[in-house]
*Asks:* 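Dropping the structure in here first, questions after.
Bear in mind that the values here come from a model prediction, so they are computed numbers and not experimental data.
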Amino acid sequence: MIKVLIVEDQTMLRDALEHLISKQNDMKVVGTAEDARMAPELCRSLNPDLILMDVVTENFSNGINWAGIIRKEMPDIKIVIMTSLPEITFIDEARKAGAHSYIYKSSGSEHLFYVIRSTMKGIGIYPGPGEYTSFASQFTEKEIAVIRLVCQGKTRSDMITELGISESMLKPIITSILDKTGFDSIAKFAIYAVGRGLIVSDLQ
């Protein structure tokens with residue numbers, strides 16, 4: 001039985017993963033957390049075989065950094081990094097941190113199970129060169145413009161005025177950005193994007 005710890009800050013996704021994994025005959029979810037900072041202590045108390053670790057968790061905790069800490073202290077625990085952000089630097093960072101495998105949240109459940117089982121067998125699974133694209137190419141020009149304006153601290157009224165659109169047009173743009181990134185708040189994503197150097201806010 002593969003004992004799995006899930007570290008994911010989105011409640012619906014965390015619950016869905018727990019439900020899917022628990023239905024597998026050879027897997028068992030022994031614990032969940034929304035903040036990667038909680039992972040080491042949970043590993044000590046729950047002794048999981050494998051961790052599904054989100055890249056960005058509650059309070060902007062960096063899952064890859066915590067994965068590296070866990071690998072040094074508890075090298076027998078396997079770690080699979082999860083993300084919805086197609087940024088190639090995450091793959092390099094995950095490898096350097098010692099993560100065994102890497103998966104996109106857009107992958108199907110069967111691929112998830114394949115990655116978990118392969119990782120437990122000592123086979124690391126990472127995306128191939130064709131499985132990721134650059135950050136900017138994931139968004140339309142309007143979406144990039146909205147992200148930049150949010151980074152500049154603009155209100156929705158400001159964005160409507162500057163972009164020359166209506167509230168009813170702005171709302172689906174923001175929804176699309178959140179769907180593509182997995183964040184539950186456009187402000188959280190904007191802070192993250194600027195902090196990671198994924199987008200320039202054009203501030204002087």
*Asks:* Check salt bridge (charged side-chain N to carboxylate O under 4.0 Å, His left out) between K154 and all other residues, then give those that pass, not counting sequence neighbours.
*Replies:*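 If we apply the salt bridge (charged side-chain N to carboxylate O under 4.0 Å, His left out) test to K154, skipping adjacent residues, the hits are E162.
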
*Asks:* Taking all non-hydrogen atoms of both residues, which atom of L170 and which atom of V146 are closest, and how far apart?
*Replies:*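 What the structure gives for the nearest pair is CD1-CG2, 3.9 Å.
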
*Asks:* Can you name the closest pair of heavy atoms from M169 and I173 and give their distance?
*Replies:*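 That closest heavy-atom pairing would be O-CG1, 3.4 Å.
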
*Asks:* Between OG of S109 and CG of L17, what distance do you get to the nearest 0.5 Å?
*Replies:*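 These two atoms lie 10.0 Å from each other.
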
*Asks:* So how far is it from Q152 CD to M159 CE, rounded to the nearest 0.5 Å?
*Replies:*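 Between atom CD of Q152 and atom CE of M159 there are 10.5 Å.
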
*Asks:* Following the transitive rule for hydrophobic clusters with a side-chain heavy-atom cut-off under 4.5 Å over Ile, Leu, Val, Met, Phe, Trp and Tyr, establish whether I64 and I125 coincide in one cluster.
*Replies:*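 No; tracing contacts between hydrophobic side chains, which count when under 4.5 Å, never links both residues.
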
*Asks:* Enter the distance from R37:CZ to W66:CH2 here, rounded to the nearest 0.5 Å.
*Replies:* 7.5 Å

*Asks:* Do the side-chain N and O atoms of D158 and T155 include a donor-acceptor pair separated by under 3.5 angstrom?
*Replies:*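 Yes.
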
*Asks:* List in chain and number order the residues that pass salt bridge (charged side-chain N to carboxylate O under 4.0 Å, His left out) with E41, two or more places apart in sequence or in another chain; answer none if no residue qualifies.
*Replies:* R44

*Asks:* Return the OG1 to OH distance between T83 and Y104, rounded to the nearest 0.5 Å.
*Replies:* 7.5 Å

*Asks:* Ignoring hydrogens and angles, state whether a donor on the side chain of T57 or E8 is under 3.5 Å from an acceptor on the partner side chain.
*Replies:*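 On atom types as modelled, these side chains do not qualify, holding no pair under 3.5 Å.
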
*Asks:* With a 4.5 Å cut-off on side-chain heavy-atom distances among I, L, V, M, F, W and Y, is there a chain of contacts connecting I116 to M74?
*Replies:*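 Cluster IDs for I116 and M74 differ.
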
*Asks:* I need the minimum non-hydrogen distance between Q10 and F183, along with the two atoms involved.
*Replies:*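 Closest approach of Q10 to F183: NE2-N, 4.4 Å.
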
*Asks:* Under the 3.5 angstrom rule, does the side chain of S118 hit a backbone N or O of Y114 as a donor-acceptor pair?
*Replies:* yes

